[in-house]
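Below is one structure, written out as structure tokens, with a few remarks after it.
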Amino acid sequence: MAWFTEVDLEELAGSRSFSRGLGYVEAVVNVRDLPNGVVATVHGSDAYQVRLYDTDGEFDGECDCPYGEEGNFCKHCVAVGLRLLRRSSVTGAAVTGGTSSDAGAVDVRAFLGTLDHSELVELVWSQVSEDPALYQRMLLRAIAGAQTVDLPLLARQVENLAVDWLQYGEEEAYAAGADAVVAALAELLPEHAEQVRPLLQRTLELLGQAAGRSEDHCGAALASAAEAWDVFLAACDDAPPDPVELGSWFAQFRLTGVDILDMSITDVADLLGTDGLDAYWNALDTARDTDPSGWTVRSLREEMIRAAGDVDLLVACYAEDLSTPDRYVLIARLLRENERTAEAVGWLERGRAASGRSDHRIGRLVDLLIELYTEAGRTADVMDLHWERFHVEGTVGSYQRLREFVLATDPQRWPQRREEALGLLRTRATGGDAGNAWNAGEVYLRVLLSEDRDEAAWEMLGQVRCEESTRLAVAGRRAVTHPAEALKIYLPAVETAVARANTADYEQAADLLVTLRDICQRAGTDHAAEVTRLKAAHSRKRNFMAALRQRGL
């Protein structure tokens with residue numbers, strides 16, 4: 001009797017993968033039993049390893065193909081399952097699987113218990129001799145369990161973690177080997193902490209290198225490295241290292257670019273003490289002198305100063321790099337958090353002056369400056385910033401922010417400001433401004449619509465460049481009073497959408513035709529005749545026909 005059915009296979013795989021799996025049944029080879037399932041090879045674009053298993057009554061499977069690696073029950077899993085079911089139906093034998101307590105199952109675990117010690121040793125040794133990964137695990141356990149620790153042999157196992165490159169598919173095996181090394185080192189604590197600690201440092205270095213030398217960048221070694229870091233800290237607690245040596249090593253380790261862990265100077269601050277922290281800082285200073293613009297050394301220095309809580313020193317550190325407006329924002333936020341608002345404003349004003357008012361990267365700086373000016377009641381300065389931002393950006397958003405502020409603070413001034421703003425947008429939209437943006441026409445039309453200047457938007461429609469959605473928005477407004485004119489925009493838009501020949505555009509065209517029903521009626525145009533014409537012209541486009549039927553057209 002099978003421990004799964006075809007229904008189980010289809011439920012796990014889905015109908016698509018199940019159907020595709022039917023074609024791979026003959027590609028299944030080398031089926032082997034496991035205590036709770038089977039393992040097999042399926043030949044496709046590559047040779048893939050599949051495992052089907054039962055865990056506490058739950059049937060599942062895994063495969064090392066790309067789709068299976070994402071956690072999916074793939075077509076290869078389906079193929080193996082179908083192969084087992086067909087074999088069972090032919091032979092009448094039960095499909096291996098389930099737990100060892102299943103009725104009629106041979107209890108291999110119980111059988112092993114009947115062997116004497118020497119037989120069991122020979123049995124295990126024969127397997128160990130043929131399986132390098134198993135031998136490595138047994139070797140590490142033997143080293144950790146020996147009365148005298150063979151440090152050179154253990155160091156050699158650590159060095160085996162060095163790799164030039166990990167190909168796709170090799171990462172998991174590498175991580176398993178690394179986990180075994182870290183586990184062996186952990187077993188030697190606390191008795192051999194002093195001897196193990198340098199090996200753990202080397203393990204971290206090699207895992208950091210491996211993380212950057214794989215197809216799955218940083219993924220394979222991360223969990224192993226995190227465990228190694230925890231074991232290393234435990235070793236340091238058991239046998240505290242020389243603070244200066246630890247500080248220098250920790251700085252160099254993080255400066256190499258393999259700082260892949262969620263680690264911080266605070267993790268080792270107590271171990272380092274004053275002397276170790278000085279050594280760490282000196283190493284960072286030396287690195288900064290070598291590479292003044294280096295991002296890694298700058299971020300590590302900033303981290304250490306933040307941990308120390310020295311605001312002025314951190315401001316000075318941030319100020320070493322003022323290459324972008326965001327650096328001024330970083331300083332200003334720090335000062336604001338420490339209730340030094342006036343200084344924060346000063347730094348923002350410096351950043352605004354240094355960046356230039358036409359710098360499009362200055363948005364976050366201006367946002368914060370507006371916020372601080374508002375808190376200080378500097379309304380006139382806020383007005384200037386909103387106008388300046390609108391002048392630089394020329395976007396719908398900057399126009400709306402300007403309008404909202406003026407209406408909230410000085411509504412009588414808005415009519416004049418509005419005409420100035422619309423004039424600037426019109427000039428840019430018609431190409432009369434050297435700073436004309438590619439979407440200036442789009443912005444101008446959208447702003448006109450937001451101001452209910454529908455007539456002006458319609459007049460400008462043929463003079464500026466804009467997106468189809470905006471053309472339709474303008475036409476929609478025009479349709480209220482001049483439906484026949486609006487049809488001149490809508491009907492070509494329907495033809496264009498159909499011509500693009502994809503499902504989404506067919507849906508859009510059908511939706512437009514629904515909208516056109518009322519417009520055609522008010523314009524005195526035969527909507528049904530237009531739909532009939534389109535059906536005749538595009539009758540072979542089944543998805544378009546389906547979209548029309550769904551809408552009753």
Side-chain angles (χ1 to χ4, degrees), residues 254 259 262-267 269 277 280-281 284-285 287-288 292-411 413-414 417 421:
R254 303 187 75 193
D259 187 11
D262 183 18
M263 54 173 52
S264 167
I265 187 62
T266 57
D267 294 342
L277 289 170
Y280 181 82
W281 182 256
L284 298 184
D285 268 349
R288 181 191 59 174
S293 61
W295 179 88
T296 300
V297 65
R298 184 171 65 246
S299 65
L300 293 179
R301 294 177 76 251
E302 291 173 1
E303 174 197 76
M304 185 170 180
I305 296 171
R306 281 195 301 272
D310 190 323
V311 175
D312 290 321
L313 190 57
L314 188 53
V315 167
C317 189
Y318 286 160
E320 291 175 3
D321 171 28
L322 296 174
S323 58
T324 67
D326 281 348
R327 297 296 292 181
Y328 292 92
V329 173
L330 190 64
I331 293 172
R333 285 178 174 167
L334 172 65
L335 291 168
R336 187 189 190 191
E337 289 169 2
N338 287 273
E339 300 180 352
R340 294 163 62 172
T341 306
E343 293 174 73
V345 169
W347 275 99
L348 292 172
E349 290 174 340
R350 283 178 56 186
R352 181 169 168 240
S355 300
R357 300 187 179 187
S358 62
D359 190 334
H360 286 270
R361 302 174 301 168
I362 205 171
R364 291 175 59 191
L365 185 151
V366 172
D367 283 340
L368 184 55
L369 193 54
I370 286 174
E371 190 175 333
L372 295 182
Y373 277 170
T374 301
E375 291 176 359
R378 296 172 59 172
T379 304
D381 290 326
V382 176
M383 175 78 79
D384 290 343
L385 282 177
H386 276 298
W387 177 256
E388 180 181 300
R389 164 172 268 190
F390 167 71
H391 195 279
V392 171
E393 295 180 1
T395 62
V396 175
S398 59
Y399 177 87
Q400 291 173 339
R401 285 189 291 270
L402 173 67
R403 178 174 59 191
E404 289 170 3
F405 178 77
V406 178
L407 288 175
T409 58
D410 191 3
R413 190 176 180 184
W414 176 238
R417 272 297 192 193

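All heavy atoms count here, side chains included; hydrogens, waters and symmetry mates do not.
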Under a 4.0 Å threshold between the charged nitrogen and the carboxylate oxygen, would [Y] count as salt-bridged to [X]?
{"X": "R361", "Y": "D326", "answer": "no"}
{"X": "R364", "Y": "D367", "answer": "no"}
{"X": "R333", "Y": "E371", "answer": "no"}

4.5 Å side-chain heavy-atom contact, Y373 and E349: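 Contact flag for Y373/E349 side chains = yes.
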
Between [atom1] of [X] and [atom2] of [Y], what distance do you get to the nearest 0.5 Å?
{"X": "E303", "Y": "T266", "atom1": "CD", "atom2": "OG1", "answer": "7.0 Å"}
{"X": "L385", "Y": "M383", "atom1": "CG", "atom2": "CE", "answer": "11.0 Å"}
{"X": "R288", "Y": "R301", "atom1": "CZ", "atom2": "CZ", "answer": "4.0 Å"}
{"X": "S299", "Y": "M304", "atom1": "OG", "atom2": "CE", "answer": "13.5 Å"}
{"X": "E388", "Y": "E393", "atom1": "CD", "atom2": "CD", "answer": "10.5 Å"}
{"X": "L300", "Y": "W295", "atom1": "CG", "atom2": "CH2", "answer": "8.0 Å"}

Taking the cut-offs as 6.0 angstrom to the six-membered ring centre and 45 degrees off its axis, would you call R417 and W414 a cation-pi pair?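 No, R417 does not lie over the aromatic ring of W414.
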
Taking all non-hydrogen atoms of both residues, which atom of [X] and which atom of [Y] are closest, and how far apart?
{"X": "I265", "Y": "R254", "answer": "N-NH1, 3.7 Å"}
{"X": "G363", "Y": "R389", "answer": "O-NH2, 2.5 Å"}
{"X": "L348", "Y": "Y328", "answer": "CD2-O, 4.1 Å"}
{"X": "A287", "Y": "V297", "answer": "CB-CG2, 3.9 Å"}
{"X": "R336", "Y": "A344", "answer": "N-CB, 4.2 Å"}
{"X": "C317", "Y": "I305", "answer": "CB-CD1, 3.5 Å"}

Does [X] use its side chain to pair, donor to acceptor, with the backbone of [Y] at less than 3.5 Å?
{"X": "D321", "Y": "S323", "value": "yes"}
{"X": "R306", "Y": "L314", "value": "no"}
{"X": "S355", "Y": "R352", "value": "no"}

Just to verify, what does D310 make a salt bridge (charged side-chain N to carboxylate O under 4.0 Å, His left out) with, not counting sequence neighbours?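 Partners of D310 under the salt bridge (charged side-chain N to carboxylate O under 4.0 Å, His left out) test: none.
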
What verdict does the side chain to side chain contact (heavy atoms under 4.5 Å, CB included) test give for I331 and E343, after you've listed the backbone C-alpha separation in whole Å, the side-chain angles of each residue and the deciding distance to 0.1 Å? CA-CA 9 Å; I331 293 172; E343 293 174 73; over 6 Å; no

W281: which residues meet the ring-ring contact (aromatic ring centres under 6.0 Å, His included) condition with it, sequence neighbours left out?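 Counting only residues at least two positions away or on another chain, W281 forms no ring-ring contact (aromatic ring centres under 6.0 Å, His included).
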
Partner of V345 under side chain to side chain contact (heavy atoms under 4.5 Å, CB included), chosen from L368, D381, L369: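 So the option named by the test is L369.
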
Among L334, V315, D312, find the residue that satisfies the side chain to side chain contact (heavy atoms under 4.5 Å, CB included) test when tested with R340.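 Filter result, single survivor: D312.
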
